[in-house]
There are 2 protein chains.
Amino acid sequence: MNVTPIRKQNKRRENELLILQAAEKVFAEAGFGGATMQLIADVADLPKANVHYYFSTKEALYRQVVSNIFDIWLKAAESFENASGPAEGIGAYIDAKMEISRTHPAGSKVWASEVMHGAPIIQDYLETALADWTSGRISVINQWIERGLMDPISPRHLLYLIWSSTQHYADFGHQIQTLNNGTSLTDDDWQVAKTAVKQIILKGIGVMP
Amino acid sequence: MNVTPIRKQNKRRENELLILQAAEKVFAEAGFGGATMQLIADVADLPKANVHYYFSTKEALYRQVVSNIFDIWLKAAESFENASGPAEGIGAYIDAKMEISRTHPAGSKVWASEVMHGAPIIQDYLETALADWTSGRISVINQWIERGLMDPISPRHLLYLIWSSTQHYADFGHQIQTLNNGTSLTDDDWQVAKTAVKQIILKGIGVMP
DNA sequence: CCAAATCTTGACCGTATGGTCAAGACTATG
DNA sequence: CATAGTCTTGACCATACGGTCAAGATTTGG
């Protein structure tokens, strides 16, 4: 008599997704140490024991959350690819990262929290996937510099500045909102933010008049 | 027979300082939820009960730590004052903030963690001291823009970009170190970082050729 | 319709945590 | 050196946490 009968095969996937979404939210708000399995279960509207059925330990659940976030970021980083030059590539990358900060702030916070506390769980991600991606991008930027398409800026520190300035809008969203008279940023506010960040960085590296 | 007899009057101050330093370190590494009074006591090399003698609750201790950090930042922000123009004022401010990230990374992490989790403890700081300071600085920047000393950038978002890019070297120091072959930044590395950040931002707002 | 597999859940357990307390040690001062 | 004030500390407590478990409900496939 169920209106929307749930296939058993989908059940696992659906419940895992439900739990992961709740966990991301709770981990972002309370940090790993401050988050409780009970609260995650409450947010997911499931008994705690049921959460443990799908994710054996708190750490396993947390690791899955962080892993998902990292995948999203790697996908966004593709904007860097196939770019003809820095104005296009870096501009698109900033746009993509700003969009993630807007639509996925909880994930950004979880990542920031994890790294800030020494990346005890996902150190291997930093050393492999992130390190590889970074050195690849540094090569691309160095080629742009050699071709005279932008100023000779340290690519490494340029990347850090892009990461920090875009993720700031997610990680420090609460502070930004407080300084915005306690109200969320509007569409226009986000547009202004995006424009300001892009203008400063692009002009700062010499690809905008 | 004590070689360095401790005056009773100084005892309180010294022990409080000892505990505050230990607490800042532990809160930075583990977050508020992950930190334990026992670990703070161990780092301070005192019995846990003794820590509770000086700071009645974990939250009181935490609040004091965050308060101290905020004072340091406000002091650094004075570099903004008495500046004749944006090149000098913003340049000095970036220098000061980079120096804090280098010498006081734990404090920066505690602040970031607190804000990221919605500033449950120090919301009043955001609404009063920080909001006041920010609106004051926005006025100064707007005057610079009106006088044609820099490009017409949204002052608010310029401040966010300065905060994020400088604090990133403290908050994400572990990630930066991992991407630096696992070794700490050298004096030269810090010089390069400072130069890169300043060049991009100053040129980006039109105060550098 | 049956049996195997999967999912659900309340009750439970050991541990670790923030915080308390009272007895004692130390220090300043008259 | 006596006494009041301050500091130190091991032992202790209630609570909350991550995780377990076994009994039952539900679904799947033959």
Side-chain angles (χ1 to χ4, degrees), chain A residues 1-20 22-27 29-66 110 113-114 117 120-121, chain B residues 1-20 22-27 29-66 110 113-114 117 120-121:
Chain A
M1 258 309 191
N2 278 336
V3 182
T4 56
I6 297 175
R7 305 267 176 177
K8 204 51 163 293
Q9 298 168 343
N10 296 339
K11 198 99 198 251
R12 171 160 224 112
R13 201 161 308 189
E14 287 186 17
N15 274 344
E16 283 179 352
L17 188 64
L18 193 67
I19 295 168
L20 284 169
E24 181 180 285
K25 196 174 168 185
V26 173
F27 281 133
E29 284 171 5
F32 180 81
T36 69
M37 295 296 275
Q38 184 63 63
L39 184 55
I40 291 170
D42 288 349
V43 171
D45 201 30
L46 291 173
K48 191 183 68 164
N50 207 355
V51 174
H52 275 284
Y53 174 75
Y54 288 105
F55 297 92
S56 56
T57 67
K58 186 183 179 184
E59 189 173 312
L61 174 55
Y62 178 74
R63 185 167 243 280
Q64 189 63 53
V65 168
V66 176
V110 174
S113 211
E114 165 70 7
H117 299 141
I121 312 285
Chain B
M1 258 311 192
N2 277 339
V3 181
T4 55
I6 296 173
R7 307 266 177 176
K8 203 51 162 295
Q9 297 167 346
N10 296 339
K11 198 93 198 259
R12 171 162 223 110
R13 200 161 309 188
E14 288 186 17
N15 274 344
E16 283 179 353
L17 188 64
L18 193 68
I19 294 168
L20 283 169
E24 181 180 285
K25 195 173 168 186
V26 172
F27 281 133
E29 285 172 4
F32 180 81
T36 70
M37 294 298 273
Q38 185 63 61
L39 184 54
I40 292 171
D42 289 348
V43 171
D45 201 28
L46 291 173
K48 191 184 68 165
N50 206 355
V51 174
H52 275 284
Y53 174 74
Y54 287 105
F55 297 92
S56 57
T57 67
K58 185 183 178 183
E59 189 172 313
L61 174 54
Y62 178 75
R63 186 169 243 279
Q64 190 63 53
V65 168
V66 175
V110 173
S113 211
E114 165 69 8
H117 300 140
I121 312 285

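These values consider heavy atoms only, across backbone and side chains, with no hydrogens, waters or symmetry-generated copies. Letters go in sequence order (proteins before strands), and every chain restarts at 1.
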Atom-to-atom span, [atom1] of [X] to [atom2] of [N] - whole angstrom:
X: B:Arg12; N: C:dC26; atom1: CZ; atom2: C1'; value: 15 Å
X: A:Tyr53; N: C:dG10; atom1: OH; atom2: P; value: 17 Å
X: B:Leu46; N: C:dA25; atom1: CG; atom2: P; value: 19 Å
X: B:Met37; N: C:dG19; atom1: CE; atom2: P; value: 6 Å
X: B:Gln38; N: D:dG10; atom1: CD; atom2: P; value: 10 Å
X: A:His52; N: C:dC7; atom1: NE2; atom2: C1'; value: 16 Å
X: A:Asn50; N: D:dC21; atom1: CG; atom2: C1'; value: 14 Å
X: A:Ile40; N: D:dG18; atom1: CD1; atom2: P; value: 8 Å

Original post:
In terms of heavy-atom contacts, does NZ of B:Lys25 have more than 12 from other residues, nucleotides or ligands at under 6.0 Å?
Top reply: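 No, NZ of B:Lys25 has 12 or fewer neighbouring heavy atoms, counting only those of other groups under 6.0 Å.
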Original post:
Which sits closer to the 5' end of DNA chain D, A:Gly33 or A:Ala49, going by the nucleotide each is nearest to?
Top reply: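 The answer here is A:Gly33.
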**OP:** Compare the minimum distances between each of D:dG10, C:dT17, D:dC17 and the side chain of B:Pro47, then state the nucleotide with the smallest one.
**Re:**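 Side chain of B:Pro47 sits closest to D:dG10.
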Subject >> Nearest to side-chain heavy atoms of B:Lys48, which nucleotide of C:dT8, D:dT9, C:dG18 >> reply: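 So the side chain of B:Lys48 is nearest to C:dG18.
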**OP:** Let me see the working for B:Arg63 and B:Glu59 under salt bridge (charged side-chain N to carboxylate O under 4.0 Å, His left out), right down to the final yes or no.
**Re:** CA-CA 6 Å; B:Arg63 186 169 243 279; B:Glu59 189 172 313; 5.7 Å; no
Original post:
Is B:Ala35 touching bases, backbone alone, or none of the nucleic acid, heavy atoms closer than 4.0 Å?
Top reply: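 Sugar-phosphate contact only.
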Original post:
Roughly how far, to the nearest 0.5 Å, is the CG atom of A:Leu18 from the OH atom of A:Tyr54?
Top reply: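 Spacing of OH (A:Tyr54) from CG (A:Leu18) equals 10.0 Å.
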Original post:
Roughly how far, to the nearest 0.5 Å, is CE of A:Met37 from NZ of A:Lys48?
Top reply: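 Reported to 0.5 Å precision, the distance equals 8.0 Å.
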**OP:** Could you check which residues of residues 55-64 of chain A get a heavy atom under 4.0 Å from DNA chain C? Sort them by number, please.
**Re:**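 When residues 55-64 of chain A is checked for heavy atoms under 4.0 Å from DNA chain C, there are no hits whatsoever.
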**OP:** Starting from the C-alpha separation in whole Å, work towards a yes-or-no answer on salt bridge (charged side-chain N to carboxylate O under 4.0 Å, His left out) for B:Arg12 and B:Glu16.
**Re:** CA-CA 6 Å; B:Arg12 171 162 223 110; B:Glu16 283 179 353; 3.3 Å; yes
**OP:** Could you label the plane-to-plane angle of the A:Phe32 and A:Phe27 rings as parallel, tilted or perpendicular, counting under 30° as parallel and over 60° as perpendicular?
**Re:**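 The arrangement is parallel - the two ring planes meet at less than 30°.
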Original post:
Does any non-hydrogen side-chain atom of B:Ile121 lie less than 4.5 Å from one of B:Val66?
Top reply: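 Side-chain contact under 4.5 Å: no.
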